[in-house]
Amino acid sequence: MSKLHHSRVPAYLDFTQSLTGLLLALFIVGHIIFEGSILLGPDAMEKMTLFFEGYYLFGERHPIIVTFLAIVISILFVVHAALAVRKIPSTWQQYRTFRNHMRRFGHEDTSLWMVQVVTGFAMFFLGSVHIYMMMVNPEKIGPYLSAQRVVEGWMWPLYLVLLFCVVLHAFIGLYRLALKWGWFEGKNYRRSRKIMKRIMRAAIAVYILIGLASLGTYVSIGLNLENTPVEKAER
Amino acid sequence: MSEPKPRKLKINILRYDPHVVGDEPHIDTFEIEEAPGMTLFIVLNDIREHHDASLKFDFVCRAGICGSCGMLINGKPGLACSTLTSKLPEEINLAPLPFFELIGDLSVYNGKWMRGMNERLETWIHHKEKELRSINRIEEPMDPDLAEEIYELDRCIECGCCVAGCGTIQMNENFVGAVGLNKIARYKLDPRDERTDADYYELIGDENGVFGCMTLLGCEDVCPKKLPLQSKIAYLRRQMVKTGLNENVTKCNCLQHEEKMPEH
């Protein structure tokens, strides 16, 4: 068998970028639904919180589980960011060349990549703040505590921008992953691509709606907190 | 009933000849009356015959198989000879394909880049033992379906549209482009080529090769021959990751390969 002279590293980097991206995107697919449980009422959200704290497994709350999950997510987040940054234009010259190409070309998938660059860059900051807060204050997640953080803690502007960034980035990313690795090509890969793009658009719309509705609900709970016990019920 | 009045096409051409001292890039506008079944090939010849004999552009076959007349048509790469004016708005902007060496006006030296790419990727059958045999020997039979599949990829005319539509190559000029990756996919299919996956990894297993592709799919969407570029690049990516991560493919430890720079 012939020997490999080239480095194996590029293969690892490419694979790992896609793998971390896939895991993060799938996490977001779940995250926004779980957080949207508030739309079914504070009790549903409370149950969701208890579930992730292992209450139904151990009979008592262990917020440390959430911390552990946040650590795993932040590792994926940092690895994915480090690998993705290789692709981001790093000089003004590169940026200008790409932007000119994109404008002249008017090609949707080329422009979608720029959306990935912009949203990804924004999430270096927005995502870091959010993940760190969840990591260090896992016991402060709940229908009323989260609402308090959103309103009194002034998190709603950050969550609002983060919602758009993360939903766009995750679903455009999933669409691009499928094309990149040739998943779901079927018999006619061009037709599959059209279908996947439609699914991507629909998913973006649905998730932004769910996200906005749940953020709105937290805000409205947060504004009416005065008469409500904020602390979690002791169990 | 009179025939509908033919459209007056406004053709804006980005003109510049780097070989003419003092020439500067500028736009020349020509007005042409549209005719039925008119292609940009006809338009450009009309301009050269009746308006400006100095206009430079390339044509050979006027049938979409020579790959000479690639240009930016309203910003999108395409072949002038197979583009009907009826599919375009009244105002048509023409510019040379970017990235390639400019000869003048709409004429670019894409052949030079293509030759470099072909040499770099060694786009020919590697068949050591049988190379020395007589030229008169009968070729081994090939499964017709496989032959068809190879032929499908062999339809590439090296027009350069995929390169001009590639966002990756804009930022990394050493990228091999869809045209290069398609050729590797073609030789990889061919049972006459004895190269292994590890050999192909040497050629495209880095960020100038398949791992550089950012899947923007400009190539796929502009290819005038409708080659299955998206699908073939995805295939190569899977194969090259498999090869790169395969521990059974022995890594050579010779130091001189570590820092090997891509050749232009």
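Atom set for the values below is all heavy atoms of this structure, side chains included, hydrogens, waters and symmetry mates excluded. Per chain, numbering begins at 1; letters A, B, ... match sequence-line order. Because the structure is predicted, anything quoted here is derived from the model rather than measured.
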Pair A/Arg86 + B/Glu207, salt bridge at N-O below 4.0 Å: yes
Non-hydrogen contacts under 4.5 angstrom with chain B: give the residues of residues 93-102 of chain A involved, or none if there are none. A/Gln94, A/Thr97, A/Phe98, A/His101
Residues that B/Lys226 engages under salt bridge (Lys or Arg N to Asp or Glu O under 4.0 Å), provided they are two or more places apart: none
How long is the gap from CG on B/Leu94 to CG on B/Asn12, to the nearest 0.5 Å? 8.0 Å
Side chain from CB out, backbone as N, CA, C, O: work out which of these in A/Asp109 comes under 4.5 Å of a heavy atom of chain B, or both, or neither. both
Taking the ring centre of each residue, are B/Tyr187 and B/His126 less than 6.0 Å apart? no
Side chain to side chain donor-acceptor pair (under 3.5 Å) assessment of B/Thr243 paired with B/Asn246: CA-CA 5 Å; B/Thr243 309; B/Asn246 183 355; over 6 Å; no
Quick check on the structure: residues of residues 181-195 of chain A within a heavy-atom distance below 4.5 Å of chain B, by number. A/Trp181, A/Gly182, A/Glu185, A/Tyr189, A/Arg190, A/Arg193
Atom CG of B/Asn172 and atom CG of B/Asn208: how far apart are they, to the nearest 0.5 Å? 5.0 Å
Check: B/Asp221/A/His107 side-chain N/O donor and acceptor closer than 3.5 Å: yes
Inspect the contact between B/Lys242 and B/Asp197 and indicate whether a charged nitrogen and a carboxylate oxygen are less than 4.0 angstrom apart. no
For chain B, find its close neighbours in residues 21-37 of chain A: heavy-atom separation under 4.5 Å, sorted by number, or none. none
Between chain A and each of B/Gly209, B/Cys213, B/Cys166, B/Ala164, count heavy-atom pairs under 4.5 Å; write down the option with the most. B/Cys166
Got A/Tyr159 and A/Val150 here, is their nearest side-chain heavy-atom distance under 4.5 Å? yes
Please work out which of the three classes, parallel, tilted or perpendicular, describes the rings of A/Phe124 and A/Phe121, given edges at 30° and 60°. perpendicular
